[in-house]
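Input: a single structure, listed below in structure tokens.
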Amino acid sequence: MTVVTRFAPSPTGFLHIGGARTALFNWLLARHGGGQFRLRIEDTDRTRSTPEAVEAIFAGLRWLELDWDGDVVFQSANAARHRQLADDLLARGRAFRCYCTPEELAAMREAAKGEGGALRYDGRCRDRTDIPAGIDPVVRFRSPDGDDVVIDDHVQGEVRIPAAQLDDLVLLRSDGTPTYMLAVVADDHDMKVTHVVRGVDHLTNAARQLQLYEALGWTPPAFAHIPLIHGPDGAKLSKRHGAMAAAEYREMGFLPAAMRNYLARLGWSHGDDEIFSTEQAVEWFSLAAVGRSPARFDFEKLRSLNSTYIQRTGDDALYAAIAPGLGHMAGRPLTPEHRNRVTALLPELKKRAKDLRELVDAAHFLVADRPLELDQMASGILDADARELLARLKSRLGELEVWQGDTVEATVRSFADDEGLPLGMIAQPLRAALTGRAVSPGIFEVLQVLGAAEALGRLADAA
RNA sequence: GUCCCCUUCGUCUAGUGGCCCAGGACAUCGGCCUCUCACGCCGAAAACAGGGGUUCGAGUCCCCUAGGGGACGCCA
């Protein structure tokens, strides 16, 4: 039997970070087993589902490079099938019509609260024979009384839910549309899903669904309920924790590979391995190695991982990734000359960036027009003395016939000797004039990459 | 309220009864390197929630307590 997993988000918002990890785990499990990873949009609640959210989910998965197999299934398209299933259950006495009003149901829950039981539907319409006028009934599943439901979960282990906790869930709303509970079971069965991997918030749903599988005469899939991701404070991840949408991480300059690596390590591990390729993750992944305790999202660790991925990315690919941002910052299209400068210095630049935005920022001086804008630190460094010093250095550098890393370095060093100053006293003003900052890659590399004309020009501007 | 789950350094985790006076990674703090900042390298500090058992032996098994999380919709 080949593995078939699925990611089944409801299109009511963006693809959040927890969903992204659920998708990753499903993808990993499918790829590991040489099986299929399917995508299903759970849009049974038509009023809350939006096309924008569907697009956001696609975009998020594509960005993370989690490719799905076959066509996307829109759950709403299967409504007729779901209805037929409900009718069948009704005909076999496994479901019944319920005429309770929302007010009645609310009162029921209030009462249950006082009595100290589960907040559940009490089954009062189960054997009702009269048909109240003016009320469109819902169809409820007749949840079997008696035996506990045992979920043999691949992550949670054996979980036993008392039957008394499981009430008669709604299968068909009063307008005849199917609910999620019926739809997932039917679609997972119809799509031949073998492993349902989702958040633990669905654990009790699994018990209800198991009852449905039994009533329908179907073999249930394997279940794996993975722990949720929490915010830094241990509470459920929410907006106040900052970025939640996968798309925001792209905008913040995270690499998809780093994201996958980080997310994979949240709740799953392979010994002490911290940094691994997606291929390795596919090879190593197993549900048995997924933990049961919730993990907190650690932004700094993600950034650290991202920085190592940036360093491992080739300079051409990296240039392609930052070129749009660089051009935007420069306010005009980049020239081949700019491209050469940036790629030449990228090996140095990328050691200093934890995300792509920092990289763009650090590379900006290479494509900026003269006269350079100086930041506060840089203009502080360039006082009158420093400017005079630079003027002298400029004429020395101007005499150079061959502008290369070694000749430039030799010139600056001997200039420092002649001035009787430590190199640092020369390097900082030079850096300020050349980059507009107090911080940059090595000054000789900067000099070389900028080239004689541009470097001398910037020195003239500053001196 | 009822039910379910969780609990190893600040954080992510290794650990499946002896290999653990608990290992790795991020963060933190020192140091080296050094033209700045990084990178890199070296080093330090830092945890088995508490209490009972079981066992020759428990982070690992059982029970209780505490704390945390989740579920209980004509949402998914």
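Nearest nucleotide to the A:E300 side chain, out of B:rC74, B:rC12, B:rC26: B:rC26. Closest to the side chain of A:S293, out of B:rC35, B:rC74, B:rC6, is B:rC6.
B:rC9 makes up no base pair with any nucleotide shown, lacking Watson-Crick or G-U wobble contacts both under 3.5 Å. With a cut-off of 3.5 Å on both pairing distances, the Watson-Crick or G-U wobble partner of B:rC29 is B:rG43. Within the shown strands, B:rG18 is the pairing partner of B:rC56 under the Watson-Crick or G-U definition, both distances less than 3.5 Å. Across all strands shown, the partner of B:rA71 is B:rU2, judged by Watson-Crick or G-U wobble contacts whose two distances both fall under 3.5 Å.
The shortest distance between the side-chain N/O atoms of A:R160 and the OP1/OP2 oxygens of B:rC4 is not below 4.0 Å. Distances shorter than 4.0 Å separate some side-chain N or O of A:T44 from OP1 or OP2 on B:rA76.
Comparing the P positions of B:rU60 and B:rA49 gives an interatomic distance of 8 Å, to the nearest angstrom. Comparing B:rG23 with B:rG59, their P atoms are spaced 14 Å from each other, to the whole Å. Straight-line distance between the C1' atoms of B:rC19 and B:rC72: roughly 47 Å, to the nearest whole Å. The gap from the P atom of B:rU28 to that of B:rC21 amounts to 30 Å, rounded to the nearest Å. Taking atom C1' on both nucleotides, B:rA22 is separated from B:rA71 by 36 Å, rounded to a whole Å. The C1' atoms of B:rU8 and B:rC3 are separated by 28 Å, rounded to the nearest whole Å. Taking atom P in both B:rA14 and B:rC56, the straight-line distance is 30 Å, to the nearest Å. Comparing the C1' positions of B:rU13 and B:rC20 gives a spacing of 16 Å, expressed to the nearest Å.
For A:R292 and B:rC6, a side-chain-to-base donor-acceptor distance below 3.5 Å is absent, hydrogens and geometry of angles not being considered. For a distance-only test at 3.5 Å, the side chain of A:T179 fails to qualify as a donor-acceptor partner of the base of B:rC74.
Across all strands shown, A:F444 has heavy atoms under 4.0 Å from base atoms, whether or not it also approaches the sugar-phosphate. Using a 4.0 Å heavy-atom criterion, one finds that A:S304 contacts the sugar-phosphate atoms exclusively. Across all strands, A:V138 comes closer than 4.0 Å to base atoms (heavy-atom distances). Within the nucleic acid shown, A:G424 comes within 4.0 Å of sugar-phosphate atoms alone, with no base atom in reach, counting heavy atoms only. Residue A:E348 is out of contact with every strand shown, counting any heavy-atom pair closer than 4.0 Å. Among the atoms of the strands shown, only primed sugar atoms or phosphate atoms (P, OP1, OP2) are found under 4.0 Å from some heavy atom of A:R140. If you check every strand for non-hydrogen atoms under 4.0 Å, A:P441 touches a base. Contacts of A:G267 with the nucleic acid, taken as non-hydrogen atoms under 4.0 Å apart, involve only primed sugar atoms and P, OP1 or OP2. Within the 4.0 angstrom heavy-atom criterion, base atoms lie near A:A438. When heavy atoms are screened at a 4.0 angstrom cut-off, A:I443 is found touching base atoms of the nucleic acid. Among the heavy atoms of the strands lying under 4.0 Å from A:S269 are primed sugar atoms or P, OP1, OP2 only; no base atom is included.
No side-chain donor-acceptor contact under 3.5 Å links A:T411 and A:R396.
Within 6.0 Å of the CE atom in A:M425, the count of heavy atoms belonging to other residues, nucleotides or ligands does not exceed 12.
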Between A:D168 and A:S143, does a side chain to side chain donor-acceptor pair (under 3.5 Å) hold up when you go through it step by step?
-> CA-CA 5 Å; A:D168 301 329; A:S143 171; 4.5 Å; no
Report each atom pair, protein N/O against N/O of nucleotides 22-24 of chain B, whose distance is under 3.5 angstrom.
residue: B:rG23; atom: N2; partner: A:D272; partner atom: OD1; Å: 2.5
residue: B:rG24; atom: N2; partner: A:R265; partner atom: NH2; Å: 3.4
residue: B:rG24; atom: N2; partner: A:E274; partner atom: OE2; Å: 2.5
residue: B:rG24; atom: N3; partner: A:E274; partner atom: OE2; Å: 3.4

Please list each protein N or O that sits under 3.5 Å from an N or O in nucleotides 64-71 of chain B, with the distance.
residue: B:rG69; atom: O2'; partner: A:H230; partner atom: NE2; Å: 3.4
residue: B:rA71; atom: O2'; partner: A:T204; partner atom: OG1; Å: 2.5

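Comparing A:E42 and A:E158 by the nucleotide of RNA chain B whose heavy atom lies nearest to each, the residue mapping closer to the 5' end is A:E158.
Note on A:R265 versus A:E274: salt bridge recorded, some NZ/NE/NH1/NH2 to OD/OE distance being below 4.0 Å.
The stretch residues 280-288 of chain A has no heavy atom under 4.0 Å from RNA chain B, so no residue of it qualifies as close.
Cation-pi geometry between A:R140 and A:Y121 is met: under 6.0 angstrom from the ring centre, within 45 degrees of the axis.
The aromatic rings of A:F299 and A:F297 sit tilted, their planes meeting at an angle between 30° and 60°. Using the six-membered ring where Trp is involved, A:Y180 and A:H202 have ring planes that are tilted, between 30° and 60° apart.
Rounded to a whole Å, the CG atom of A:L430 is 16 Å from the C1' atom of B:rC37.
Contact between A:R292 and A:Q156 at its shortest, heavy atoms only, is NH1-O, 3.1 Å.
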